[in-house]
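The structure appears right after this line, and notes come after that.
A note on names: the letters A, B, ... follow the listed sequences, proteins ahead of strands, and every chain is numbered from 1.
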2 protein chains.
Amino acid sequence: MENITHNTENRILEAARDVFHRKGFNGARMQEIANLANINKSLLHYYFRNKELLFEKVFNDTFSQLASKMGGIFMSEMTLISKIETFVELYLIFISEHSYVMQFIINALQDRPERLRDIITNQNINPELLLEKIHKQLKNEMGIDMDPLQLYVNLLALVIFPVVAKPLLQSIFSLSDERMAVFYEERKKIVPVFIENALKGYEKDKKLG
Amino acid sequence: MENITHNTENRILEAARDVFHRKGFNGARMQEIANLANINKSLLHYYFRNKELLFEKVFNDTFSQLASKMGGIFMSEMTLISKIETFVELYLIFISEHSYVMQFIINALQDRPERLRDIITNQNINPELLLEKIHKQLKNEMGIDMDPLQLYVNLLALVIFPVVAKPLLQSIFSLSDERMAVFYEERKKIVPVFIENALKGYEKDKKLG
DNA sequence: GTCTATATCCAGATAGAC
DNA sequence: GTCTATCTGGATATAGAC
């Protein structure tokens with residue numbers, strides 16, 4: 001029986017993912033990918049033609065995986081509060097194992113925003129539908145009429161930023177690795193409460209859209 | 001009288017700042033910087049020896065400028081609530097004119113976290129003192145005993161992330177440039193209220209650190 | 001499919017005239 | 001200080017044997 005769809009190809013993809021995630025397109029070296037995959041450099045071209053195509057493959061795979069993980073929770077049938085709690089918990093676990101992923105995607109899109117256009121339609125995720133769902137739940141479960149995009153972005157911000165900006169925060173405030181670990185662990189509790197409290201406040205003064 | 005401390009040197013620095021901010025160290029080309037500054041490529045080396053040193057100069061200047069802008073507000077004598085409102089307002093204006101700055105710094109530090117170590121001590125900003133001040137104000141003005149780092153990071157996250165992730169958000173949710181402009185304008189109102197509400201919630205259940 | 005050897009290109013850096 | 005011309009190294013990519 002074959003190994004999981006062509007062993008060499010997969011070794012290359014894993015190595016490429018690792019290197020591209022950490023160094024981005026411009027920082028990555030084909031030689032480093034080859035070394036990591038324990039294969040000859042020219043095999044990279046045999047399987048993926050050139051660096052750009054290899055990068056695209058990695059980007060598409062990475063984004064798809066992330067999108068289903070991040071969108072999936074909000075398309076389920078929990079209460080909004082539960083979704084938020086679940087999201088924070090799962091994301092903080094995921095990101096501790098893949099700390100470079102978000103920055104990789106953000107950088108890749110800053111260079112070429114058009115990278116996403118094709119991919120999204122191919123996903124089973126529908127961003128507009130997701131916002132609609134949040135909007136309805138805000139209204140029905142909490143009596144809040146708020147732009148769901150603002151809420152969703154706030155949630156993403158509170159979860160993603162502290163991870164992406166880790167080196168920045170750690171340098172500025174002279175935080176040890178242990179202190180950072182505690183900091184992230186605390187956030188699993190703090191962030192959901194922070195958001196819930198913020199939302200409860202909106203129930204009273206509904207003037208804000 | 002001389003122009004502002006050597007005209008050519010300054011033209012180079014402005015051009016370098018622009019290119020490095022948009023493309024990062026690896027993506028930037030010395031030729032592009034020279035073109036933008038309207039000077040010969042070899043002058044870059046005459047003034048700054050090599051690419052690495054030119055980058056360092058740009059990084060240090062950029063960070064110092066940003067640090068004083070971001071830290072200064074919180075060292076002033078306003079109420080905490082006023083500081084938060086002022087910070088959001090000023091930052092969102094600043095960043096709309098320098099949209100690449102934060103990502104530039106984050107990326108530069110991801111590649112080499114040690115870049116900051118020397119700089120910070122040279123600044124008149126004291127991060128520990130800043131946290132202390134926030135901590136005291138939380139307690140005195142709002143009766144909250146909360147980790148000030150968590151609050152400060154939340155604030156940074158809510159302001160910085162939506163700008164850094166602009167291409168991501170715009171692609172995923174198919175948002176026009178006009179829609180994005182409205183979105184950011186709205187945040188000037190929404191973010192301070194969001195944070196204030198979240199804090200008010202903490203006043204009641206103080207169990208969280 | 002996998003390797004070695006090589007072509008090609010291009011960016012950073014230097015030499016040296018003016 | 002500023003320019004032209006050039007060196008050099010390194011990275012992607014290809015040719016071709018096995």
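One atom, CG of A:Leu44, and another, P of D:dT14, lie 13 Å apart when rounded to the nearest Å. To the nearest angstrom, P of C:dC10 lies 15 Å from CG of B:Asn35. Whole-Å rounding puts the A:Asn26 CG to C:dC10 C1' distance at 14 Å. Note: CD (B:Glu32) to P (C:dG12) measures 10 Å, nearest angstrom. When the C1' atom of D:dT2 is taken as reference, atom CD of B:Glu9 falls 15 Å away, rounded to whole Å. Between A:Asn40 atom CG and D:dA11 atom C1' the separation is 15 Å, expressed in whole Å. Taking atom CD1 of B:Ile12 as the reference point, atom C1' of C:dG12 lies 15 Å away to the nearest angstrom. B:Phe48 has its CZ atom 16 Å from the C1' atom of C:dG12, to the nearest Å.
At distances below 3.5 Å, at least one donor-acceptor pair connects side-chain atoms of B:Lys51 with backbone N or O atoms of B:Phe25.
Comparing atom distances between the B:Leu43 side chain and each of D:dT2, D:dA11, C:dT2 picks out D:dT2 as nearest. Considering only the side chain of A:Lys51, D:dA13 comes nearest among C:dT4, D:dA13, C:dG12. Comparing atom distances between the A:His45 side chain and each of D:dA13, D:dA11, C:dC3 picks out D:dA13 as nearest.
Residue B:Tyr47 places at least one side-chain N or O closer than 4.0 Å to OP1 or OP2 of D:dT2.
Heavy atoms from other residues, nucleotides or ligands lying under 6.0 Å from CZ of B:Arg49 number 12 at most.
One N or O donor and one acceptor, one from the side chain of B:Ser42 and one from the base of D:dT4, sit under 3.5 Å apart.
With ring centers used as reference points, B:Phe55 lies under 6.0 Å from B:Phe104.
When heavy atoms are screened at a 4.0 angstrom cut-off, A:Ala34 is found touching no nucleic acid atom at all.
A perpendicular orientation is assigned to the rings of B:Tyr152 and A:Phe173, their planes being inclined by more than 60° (bins at 30° and 60°).
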Legend entry - side chain to side chain contact (heavy atoms under 4.5 Å, CB included) assessment of A:Arg187 paired with B:Asn154: CA-CA 10 Å; A:Arg187 289 189 76 75; B:Asn154 286 354; 2.7 Å; yes

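Of the residues near DNA chain C, B:Asn50 and A:Lys41, the one whose nearest nucleotide (by heavy atom distance) lies more toward the 5' end is A:Lys41.
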